[in-house]
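Following: one structure in structure tokens, then a few remarks.
Atoms within each ligand, like the ligands themselves, are counted from 1 in listed order. Side chains included, hydrogens not; waters and symmetry mates left out as well; all remaining heavy atoms used. Numbers here are sequence positions counted from 1.
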Amino acid sequence: MKIETKCLHEGYTPKNGEPRVLPIVQSTTYCFDSTEHIAQLFDMPTEFMYSRFANPTVDAVEKKIASLEGGVGAMCTTSGQAASLFSILNLCKAGDSFIAAATIYGGSINLFAVTLKKLGIECIFVDADAPEAELDAAFRPNTKAVFGETLANPALTVLDIEKFASLAHRHGVPLIIDNTFATPILCRPIEFGADIIVHSTTKYMDGHAVQGGGVIVDAGHFDWTNENFPDFVEPDESYHGVSYVKSFGPMAYIIKARMQLMRDFGCYPAANSAFLLNLGLETLPVRMRQYCSNAMAAAEFLEKHPKVTSVNYPGLASNKYHARAKKYLPEGCSGVISFTVAGGRGDAVKFMDHLELASNVVHVADIRTCVLHPASATHRQLTDEQLLAAGIDGSMIRLSVGLENIEDILADLEKGFAAI
Ligand SMILES: *Cc1c(COP(=O)(O)O)cnc(C)c1O
């Protein structure tokens with residue numbers, strides 16, 4: 001199946017007489033005929049047992065997203081943050097480190113630099129465009145993963161995924177890619193060597209701003225027996241001595257994440273949330289194409305505007321990442337643009353406060369056009385140094401172009417400019 005068809009048909013196929021639409025299984029628990037049957041499930045959870053870590057509605061959506069990304073399995077979480085957290089905790093414990101590109105989502109920077117540090121896991125931030133020798137030098141004997149974003153929020157840098165995959169693999173560790181902004185419609189990082197994919201499904205996948213969520217996808221091709229990951233090979237005493245690699249082969253990572261992390265921490269989405277996410281996924285290809293074309297038109301408009309000092313959108317020929325975007329995002333660069341206005345922070349805020357159609361919200365990748373001032377909102381907790389490294393300055397506005405008619409979007413932007 002092509003990706004548009006997968007968005008509609010993967011994950012759930014009704015049998016004779018069953019509902020056409022994915023049913024919401026609103027039950028925390030499942031019935032079995034015997035105690036022995038339940039005992040067997042505790043050894044090998046092959047059926048639904050308890051909705052803290054698996055549910056049939058969520059399962060269907062997990063299968064769909066795994067297929068869209070080209071992975072062997074997926075696990076949904078209650079937020080993108082939980083997906084990023086679990087993607088690392090499944091590989092690192094206290095005393096370990098991992099490497100992350102400096103231009104990633106502000107929430108991930110805080111999670112990695114502050115909260116994981118408290119748990120004894122160190123994140124080493126690197127300039128993703130640094131020469132390979134410099135990136136190689138960032139690795140330590142305890143480094144267990146490399147993390148980056150396809151299209152970074154909000155810096156909009158495009159990651160050289162192939163370079164990062166070979167870097168990670170040279171050091172015997174997997175590459176984790178946050179593919180939230182690109183979605184599998186515009187880029188499938190597994191095709192370029194990535195091992196694990198995470199998403200905030202709160203963004204384009206849901207698209208309608210109705211529920212938060214996240215997902216982790218396992219490509220199924222990383223060799224966990226290379227001695228860096230004994231927890232994947234040696235018996236898990238908390239799970240009846242199971243060896244994830246021996247029992248689950250290519251699904252080792254995603255099953256370990258479910259059996260250890262989801263079992264112990266929860267963070268599993270409700271069936272109703274998965275139902276809504278599925279509705280978003282059904283129209284994702286149509287929406288992504290329209291986001292790309294509206295954003296391209298808006299970026300061209302902004303680039304010509306006298307009150308704009310810079311526009312950052314990799315779809316523009318003038319952009320530093322344009323050539324790389326053509327390779328990794330050949331169908332378009334998604335719907336988010338950042339730009340700076342003449343007059344600094346004060347004028348950026350004034351511009352935003354005079355928009356009428358675009359809403360000023362703490363959100364991005366919505367069906368409706370929205371704006372955000374990263375320096376006062378999502379990235380408020382970062383130091384000036386971290387802000388600079390994340391590619392953000394005070395006069396920068398993040399514009400998330402929606403699916404309204406482009407003429408209405410541009411007319412609204414003109415109202416903001418008239419105020420400054
Ligand atoms: C929003 C976002 C997250 C966090 O997702 P939540 O669903 O808000 O927890 C992670 N990565 C990226 C790129 C994001 O845009």
Sidechain-backbone polar pair: S247 side chain, Y244 backbone, donor-acceptor under 3.5 Å: no
Check: Y313 side chain, G335 main-chain N or O, donor-acceptor pair, under 3.5 Å: no
Closest protein heavy atom to atom 7 (O) of ligand 1, given as residue, atom name and distance to 0.1 Å: T202 OG1, 2.6 Å
Aromatic Y12 / basic K64 pairing, under 6.0 angstrom, 45° off normal: no
F192 ring center within less than 6.0 Å of Y328 ring center: yes
Contact (N/O only, under 3.5 Å) between S200 and ligand 1: yes
Close-contact set for ligand 1 against E149 heavy atoms, below 4.0 Å: 13 (C)
Polar contact flag for G80 and ligand 1 (N/O pairs, less than 3.5 Å): yes
Check: F417 ring centre within less than 6.0 Å of F351 ring centre: yes
Test item: side-chain donor near acceptor, N228 and H171, under 3.5 Å: no
Nearest-contact summary for atom 4 (C) of ligand 1 - protein heavy atom, Å: Y105 CE2, 3.4 Å
Full working for salt bridge (Lys or Arg N to Asp or Glu O under 4.0 Å) between E62 and R258: CA-CA 12 Å; E62 288 167 342; R258 194 184 298 274; 3.0 Å; yes
K203 N/O under 3.5 Å from ligand 1 N/O: yes
Heavy-atom gap G213 to ligand 1 smaller than 4.0 Å: yes
Enumerated ligand 1 atoms positioned under 4.0 Å from heavy atoms of D178: 10 (C), 11 (N), 12 (C), 13 (C)
Nitrogen or oxygen of Q81 less than 3.5 angstrom from that of ligand 1: yes
